[in-house]
Amino acid sequence: MDIGMQLVTTGSELRGILLGDEQYAGRRVLVPTMGALHRGHLALVKQARHEAGPNGVVVVSIFVNPIQFDRVDDLEAYPQPLEADLMLCQAAGVDVIFVPDVREMYAGDRSTLVTEKSLSRTLCGATRPGHFDGVCTVVLKLFMLSACHAAVFGEKDFQQLAIIRRMVRDLDVPVTIIESPTIRESDGLALSSRNVRLSHAHREDAPCIYMALSEAAMLRDANEIIQHARKKLGDSKHLKIDYLSLVDAETLQPVNELSHPSILAVAVFYDEVRLIDHVRISPA
Ligand code: PAF
């Protein structure tokens, strides 16, 4: 039976309907987002639907979480096309959409943060201080508020995914974490809500990110991999590298040789727009 999409703005209402209303008694699968939904998010929703099964419930949250932004200008420029997002969710068959405001999510005198202390020290965690504290804190809150059985995250944010898995393991959070593959444009650019903020020239240039990583990943020597990717990215007149790093796929610590599965990861700036991407590399 199609019960239509329910829009909820408070945590108590969300818990109230999900735990109290019989029509939501099935397997609850959460897709946490910050909105500005694109095909990548819709793939997460599709996976959530599959995971929830015919009697399950797909919950999407849209919340631009201020405490995970390290730059005010980035937070202020984050796209928030709520009407379009709601229509996309409706069309994708989402059952419940949770759109809280900041005061609903955070008390003015809040003083508790969830901190992961190992995997979050490299890559984005090193260049965006406090980012993953903000992510872990809001994700744990969303897990509690939605009482979800499972949650779907994109593999594009592989460091976020690894940290959330670690948090769930370390804190015995009873939520199954499901990974959804990165979705790319036909020219290779990974889908991101930030892509719409690229100028025309920068959008034309941006496929070079994935091209540089993919070419470098064909090499077998760790130093050459980094050098090749750096050179290729350096050919672009538009971007600035935030970090480029070859890390162990499990520990996320930098590696000098390809003895274990590794990840070549990059963050770049096109003016103030920051994009991330990565490729996986098998041992030599
Ligand atoms: O990946 C994102 O969009 C955000 O980091 C998340 C998981 C929704 C937490 O705000």
Side-chain angles (χ1 to χ4, degrees), residues 8 11 14 29-45 47-48 58-71 74-82 84-86 88-89 92 94 96-102 104-106 110 113-116 119-120 123-125 127-146 148 150-168 171 173 175-183 190-197 252 265 267 273-278:
V8 178
L14 184 68
V29 183
L30 173 70
V31 181
T33 82
M34 297 205 299
L37 304 181
H38 49 64
R39 278 189 293 123
H41 294 110
L42 297 182
L44 305 185
V45 170
Q47 195 145 346
V58 174
V59 182
V60 169
S61 62
I62 295 182
F63 178 61
V64 181
N65 176 32
I67 69 166
Q68 72 183 73
F69 284 79
D70 54 316
R71 292 182 294 127
D74 192 29
L75 172 60
E76 284 173 353
Y78 205 85
Q80 298 196 44
L82 186 59
D85 285 349
L86 294 180
L88 283 173
C89 286
V94 170
V96 177
I97 182 143
F98 179 48
V99 190
D101 71 13
V102 178
E104 177 62 29
M105 287 299 278
Y106 295 119
R110 70 189 166 79
L113 273 182
V114 181
T115 301
E116 190 286 328
L119 304 174
S120 61
L123 307 170
C124 291
T127 62
R128 300 185 70 189
H131 170 66
F132 287 116
D133 292 353
V135 170
C136 286
T137 303
V138 81
V139 166
L140 189 59
K141 283 169 70 75
L142 290 167
F143 285 177
M144 306 285 283
L145 290 170
S146 65
C148 60
V152 187
F153 293 86
E155 196 262 343
K156 171 172 173 280
D157 297 308
F158 75 94
Q159 187 176 19
Q160 168 172 284
L161 188 55
I163 291 168
I164 288 166
R165 282 193 202 283
R166 180 65 62 93
M167 173 184 81
V168 161
L171 302 182
V173 182
V175 174
T176 303
I177 303 300
I178 299 156
E179 174 175 334
S180 187
T182 302
I183 309 283
L191 293 195
S192 160
S193 301
R194 292 189 163 87
N195 291 353
V196 295
R197 290 169 53 203
L252 307 193
V273 182
R274 187 174 180 279
L275 301 181
I276 58 171
D277 204 349
H278 71 279

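Ligands are counted one by one from 1 in listed order, and the atoms in each one are counted from 1 as well. The shown structure was predicted, so the numbers you read here are calculated from the model rather than taken from an experiment. The first residue in the sequence is number 1, and the count goes up from there.
Checked options L140, V135, V139; the residue passing with V114 is L140 (criterion: side chain to side chain contact (heavy atoms under 4.5 Å, CB included)).
Using a 3.5 Å distance cut-off with no hydrogens or angles, the side chains of H278 and E155 do pair a donor with an acceptor. N65 and Y78 form no side-chain donor-acceptor contact under 3.5 Å, judged by distance and modelled atom types alone.
Using cut-offs of 30° and 60° for the angle between ring planes, the F143 and F153 rings count as perpendicular.
Near P32, with a cut-off below 4.0 Å to any heavy atom, the atoms of ligand 1 are 8 (C). Shown in contact with V138 at under 4.0 Å from a heavy atom are these atoms of ligand 1, numbered in order with element: 9 (C), 10 (O). Close approach of ligand 1 to T33 is summarised as follows: ligand atoms under 4.0 Å from at least one heavy atom of the residue are 8 (C).
Of the protein's heavy atoms, Q68 OE1, 3.3 Å lies nearest to atom 9 (C) of ligand 1.
Between F69 and M34 the shortest side-chain heavy-atom distance falls below 4.5 Å.
Which of M34, Q160, K141 comes nearest to atom 1 (O) of ligand 1 through a heavy atom is settled by distance: it is Q160.
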